Amino acid sequence: MPELPEVEATRLSFADRIAGAKVLSLHLGKSLRWPLGCATASLLGRNVQAVRRRGKYLLIDLDQGLLLLHLGMSGSLMFSSELAAPGKHDHFEMVTTHGTLRLNDPRRFGAVVYAASEEAPAARKLLDRLGMEPLSDDFSLVRFRAGLKRRKAAIKQVLLAGDVVVGVGNIYASETLFLAGIRPTLSAAKLTRPRVERLHAAIRDVLARALAGGGSTLRNFSSAAGEKGHFQLEAMVYAREGQPCRVCGTTIRCLRQGQRSTFYCAHCQKT
DNA sequence: AAAAGCCCCTGGATGC
DNA sequence: TGCATCCAGGGGCTTT
């Protein structure tokens, strides 16, 4: 479910409401990807100061230390003062004076990790490798181009890896490459300047539009306030194998790159 | 340093 | 209806 727009929409849906809250209890059930990294009791009484995002990680700042939270493939958050009883896949719960934050994650690829600070090893291990934020000013054309220049791997996989630019998941990787008219298998280093320009614009455009639409995706999504997104952007290629390209009618193809599906139009994305 | 594979886990869809 | 197989929006870790 969550690529950058969904993670950001999730953040926006509860950041203001939880800010200033005091932690009353904290519970990590069936283990997620890693252990929390501290005793839950040690977090009681701390205050939530803000919720930030870095890549697909949510950073919950406490007055001392922070929680890093990742939704993985199937995670979603709810924040409310009136939640129903926890279900089978609710693996993390933090009760605060402003409401209860709960992580539901069937596949358990998600994570909740405590770090004493953003410079602590527990945080750096996860954050250090992350590339530029696509919706921020530091995602400049010049830096994007420089980042791609030193990568010989296929552009689709470089986008997905997240060390040049973060937040582009498997759906948006296919979609942005279609919009930019670039073949997913092309080496990142070999992209011509105009192609890099088009890709740069496509990434910003698609992610910004998805976010503006309430952070919904091409599939299901609801924010931590339980609101569905209203993203009406239709997939041009994703999951459309065998169907006609919406632009030229050519049959959309699917290929495997690094154990993930890639969809593209061989006519609109010639090289 | 970079790239390629592997793996974590559950559920839904599909096919026999 | 039951069972096996395949696939899924992520990403850290280990091996080349």
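Everything numeric here is computed off the predicted structure, so don't read it as measured data. Heavy-atom basis, side chains included; hydrogens, waters and symmetry copies ignored. Proteins come first, then strands; the chains are lettered A, B, ... in the order of their sequence lines, and each starts at number 1.
Here the CG-CZ distance, from D61(A) to R52(A), works out to 4.0 Å after rounding to the nearest 0.5 Å.
Between dG12(C) and R33(A), no contact under 4.0 Å exists linking OP1 or OP2 to a side-chain N or O. Between K56(A) and dG9(C) there is no side-chain polar atom (N or O) within less than 4.0 angstrom of OP1 or OP2. Regarding contacts with the backbone of dG9(C), every side-chain N or O of Y172(A) stays at 4.0 angstrom or more from both OP1 and OP2. Contact annotation: K152(A) does not reach the phosphate of dA1(B) (side-chain N/O to OP1 or OP2, under 4.0 Å).
Nucleotides dG12(B) and dG11(C) place their C1' atoms 23 Å apart, quoted to the nearest Å. Here the separation of dG11(B) from dG12(C), taken at their C1' atoms, is 23 Å to the nearest Å. Rounded to whole Å, the C1' atom of dA3(B) lies 23 Å from the corresponding atom of dG9(C). Look at the P atom in both dC3(C) and dC9(B): the space between them is 23 Å, to the nearest Å.
Under the 30°/60° scheme for interplanar angles, the aromatic rings of H200(A) and F144(A) are found to be tilted.
Separating the CG atom of N170(A) from the P atom of dG11(C) is a distance of 11 Å, rounded to the nearest angstrom. Straight-line distance from the CG atom of N104(A) to the P atom of dC9(B): 18 Å, rounded to whole Å. Rounded to an integer number of Å, the gap from NZ of K125(A) to C1' of dT14(C) is 14 Å. Put simply, OH on Y57(A) is 4 Å from P on dG12(C), counting in whole angstrom units. Atom CZ of R129(A) is separated from atom C1' of dG11(C) by 6 Å (rounded to the nearest Å). For the pair E3(A) CD and dG11(C) C1', the interatomic distance rounds to 13 Å; values are reported in whole Å. Spacing between atom CG of D163(A) and atom P of dG10(C) amounts to 15 Å, rounded to whole angstrom units. When rounded to the nearest whole Å, the span between NZ of K156(A) and C1' of dG11(C) equals 14 Å.
The listed nucleotides are dA8(C), dG10(C), dC6(B); the one nearest the side chain of S261(A) is dA8(C). Closest to the R108(A) side chain, of the nucleotides dG9(C), dC9(B), dG10(C), is dC9(B). In the set dG11(B), dG12(C), dG9(C), the nucleotide with an atom closest to the side chain of P106(A) is dG11(B). The side chain of A153(A) lies closest to dA4(B), out of dG12(C), dA4(B), dT10(B). Of all nucleotides listed (dG11(C), dG12(C), dG11(B)), dG11(C) comes nearest to the side chain of H70(A). Taking every side-chain heavy atom of R256(A) into account, dA8(C) is the closest of dA8(C), dG11(C), dC6(B).
Pairing for dG11(B) is with dC7(C), a Watson-Crick or G-U wobble pair whose two hydrogen-bonding atom distances lie under 3.5 Å.
Under the side-chain hydrogen bond (donor to acceptor under 3.5 Å, both in side chains) criterion, the residue pairs touching residues 138-150 of chain A are S136(A)-D138(A), with sequence neighbours excluded.
The residue from T10(A), V51(A), I18(A) that alone fulfils the side-chain contact (heavy atoms from CB on, under 4.5 Å) condition with F79(A) is I18(A).
Across all strands, G258(A) comes closer than 4.0 Å to no nucleic acid atom at all (heavy-atom distances). Across all strands, R107(A) comes closer than 4.0 Å to base atoms (heavy-atom distances). As judged by a 4.0 angstrom heavy-atom cut-off over every strand, R260(A) is placed among the base-contacting residues.
Stacking between F109(A) and dG11(C) is absent: the ring centroid is not both under 5.5 Å from the six-membered base ring centre and under 30° in plane angle.
A salt bridge is absent between E175(A) and R209(A): the closest approach of a Lys/Arg side-chain nitrogen to an acidic carboxylate oxygen does not fall below 4.0 angstrom.
Remark: side-chain polar atoms of R17(A) are not paired, donor with acceptor, to backbone N or O of S80(A) under 3.5 angstrom. Counting only distance, with no hydrogens or angles, the side chain of S174(A) and the backbone of F263(A) share a donor-acceptor pair below 3.5 Å.
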